[in-house]
Amino acid sequence: MNKPAAGLAFCLACFSHLSFSSEAEIGFNFNIEASSEPVSIDDMINGWGSSVNSGEYAFASGIASAFAQYNNVYLSAERRYYYYYEFTPDTVAWYAEVESGLESEAGRSIDLDVTSFDARGVSAGYVFEGEADGATWKILPTFTLYKVGHYQLGSLSGISAAGEGTNASAYLDYYFDEDKILNYRGEEDLRFGYSLSLQGQYQWNDKWLVNAKVSDLWNRFEFFQASYRQGCINVGEVEESVCNLGGGAASGIDTNKDHQINISPTLQLSSTYLPQNVLADIYWHEKYFNLTVGKYFKIRDVQVGALASTKKQVGVDLKFKGLRLNYLVDNLQINKVRDARLQLSASYQW
């Protein structure tokens, strides 16, 4: 095998997001991409600590899937978790003061948008491939049908005032499947989703290879008779309340209504320079953007990649036969990690 061809096989095994085997193949993938700007991922889940930075989002995407491919037909089943919280720096400062019990020194604007759900899905796709003028290409469109489990969808907007204690007025618009505060129980109907994704691979010479994936290029999630709360929260003292739905510290309406959402696509793009086994990789979703670069080596039968990213992460990519581990973090102490990537996979071809 010549050097460029060897580099191609090596880099595909190490880092490709795609599985475009011409043989029969089965396997599983476990992928997590997570980022939290204001606090560590652990604090975002379990309660904020004292180390709080300004920020505008928290994002996590986790997918565990089993797949099979034969004669260009692709089938998979997956479990998916999606979280995207968007907020303003003012909201971060206000919430940090509330969590720590500190006196607020200034009035702030409160703006929070939440989209989170888990789902089970089944996917089907077909690999189209071709060759022209020495370049080769492959495209895999996949369509996924989801059954949605738990979900939280909504927004909180308002103002806070300076002073001791919590002084805030905010409007709540919220869809949910479990109410852990007021114990509202409404009979819900079906909730499901569907999504079209595209993967592609293009090599135009013996030096450069490009892989691309656009997840959720077109999607919709439907919630029939979803539990819904429209509310006003008025706590402490503010100059003027932003809303009032009946008076009192908390007032509003609980009911059930149909709802639908779309989530933004996710772009993954990688470019590999084959003779030197180096790669640049982009992951982009909403406000989350991460550029990763890697250099790959072979140590006996193990293919090893050393990685670094614009999120101040360092990590390793290991490949041994059909097994792969990709681990990338910004802090070696797990409870202080704010940006993380974990990929585990195993496959078998025949």
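Because the structure is predicted, anything quoted here is derived from the model rather than measured. All residue numbers refer to positions in the sequence shown, counting from 1.
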When you look at [atom1] of [X], are more than 12 heavy atoms from neighbouring residues, nucleotides or ligands closer to it than 6.0 Å?
X    : atom1 : result
E188 : CD    : yes
D301 : CG    : no
F143 : CZ    : yes
W284 : CH2   : no
K287 : NZ    : yes

Testing the basics here: between [X] and [Y], what is the closest heavy-atom pair and its distance to 0.1 Å?
X    : Y    : value
E78  : S65  : CB-CB, 3.7 Å
E237 : N167 : N-OD1, 2.9 Å
P275 : K207 : CD-O, 3.7 Å

N/O donor-acceptor pair under 3.5 Å between [X] side chain and [Y] backbone:
X    : Y    : value
Q203 : N205 : yes
S160 : R108 : yes
S40  : N335 : yes

Does the side chain of [X] pick up a donor-acceptor pair with the side chain of [Y] at under 3.5 Å?
X    : Y    : result
Q343 : Y327 : no
S109 : D111 : yes
N234 : S241 : yes
E129 : N72  : yes
H150 : D177 : yes
R341 : Q313 : no
S104 : E97  : yes
T266 : D216 : no
S123 : T144 : yes
Q152 : Y175 : no
T136 : E131 : no

Between [atom1] on residue [X] and [atom2] on residue [Y], distance to nearest 0.5 Å:
X    : Y    : atom1 : atom2 : answer
D206 : L274 : CG    : CG    : 8.0 Å
R220 : Q260 : CZ    : CD    : 4.0 Å
I63  : N29  : CD1   : CG    : 9.5 Å
L198 : S215 : CG    : OG    : 9.5 Å
R324 : S347 : CZ    : OG    : 10.5 Å

| message | Can you classify the ring geometry of Y57 versus Y84 as parallel (below 30°), tilted (30 to 60°) or perpendicular (above 60°)? | response |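 Y57 and Y84: parallel rings.
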| task | Fit a plane to each ring of F221 and F117, take the angle between them on a 0 to 90° scale, and name the class: parallel (under 30°), tilted (30 to 60°) or perpendicular (over 60°). | result | tilted
May I ask whether [X] and [Y] are part of the same hydrophobic cluster, defined by side-chain heavy atoms of I, L, V, M, F, W, Y residues being less than 4.5 angstrom apart, directly or through others?
X    : Y    : answer
V329 : V314 : no
Y273 : V210 : yes
Y95  : I159 : no

| query | Can K312 and D330 be counted as an ion pair, charged N to O under 4.0 angstrom? | reply | no
| said: Does this structure show an ion pair linking D42 with K336, if we count only N-O contacts that are shorter than 4.0 Å? | reply: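 No, this pair does not count.
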Heavy-atom check, side chain of [X] versus side chain of [Y], under 4.5 Å:
X    : Y    : value
S36  : Y85  : no
Q225 : D258 : yes
L196 : T142 : no
V52  : V92  : yes
E56  : T88  : no
P265 : V214 : yes
T272 : W208 : no
K147 : L190 : no

Given the side-chain rings of [X] and [Y], with only the six-membered ring counted for Trp, is the space between their centroids under 6.0 Å?
X    : Y    : value
Y83  : F59  : no
H259 : Y228 : no
Y146 : Y194 : no

| query | Under the side chain to side chain contact (heavy atoms under 4.5 Å, CB included) criterion, do E187 and N256 qualify, and how do the steps go? | reply | CA-CA 8 Å; E187 186 175 348; N256 289 73; 5.9 Å; no
| task | Share the residues that join L332 in a hydrophobic cluster, the rule being Ile, Leu, Val, Met, Phe, Trp or Tyr side chains under 4.5 Å apart at the heavy-atom level. | result |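 None; L332 is a cluster of one.
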| said: Taking transitive links into account, so neighbours of neighbours count too, which hydrophobic residues share a cluster with I26 at under 4.5 Å side-chain distance? | reply: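 I26 clusters with Y348, W350.
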| request: Only one of D173, I233, V114, T91 passes side chain to side chain contact (heavy atoms under 4.5 Å, CB included) with L156; say which it is. | output: I233
| field | K295 NZ/CZ over F297 ring centroid, <6.0 Å and within 45° of normal | value |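 Ring-cation test returns yes.
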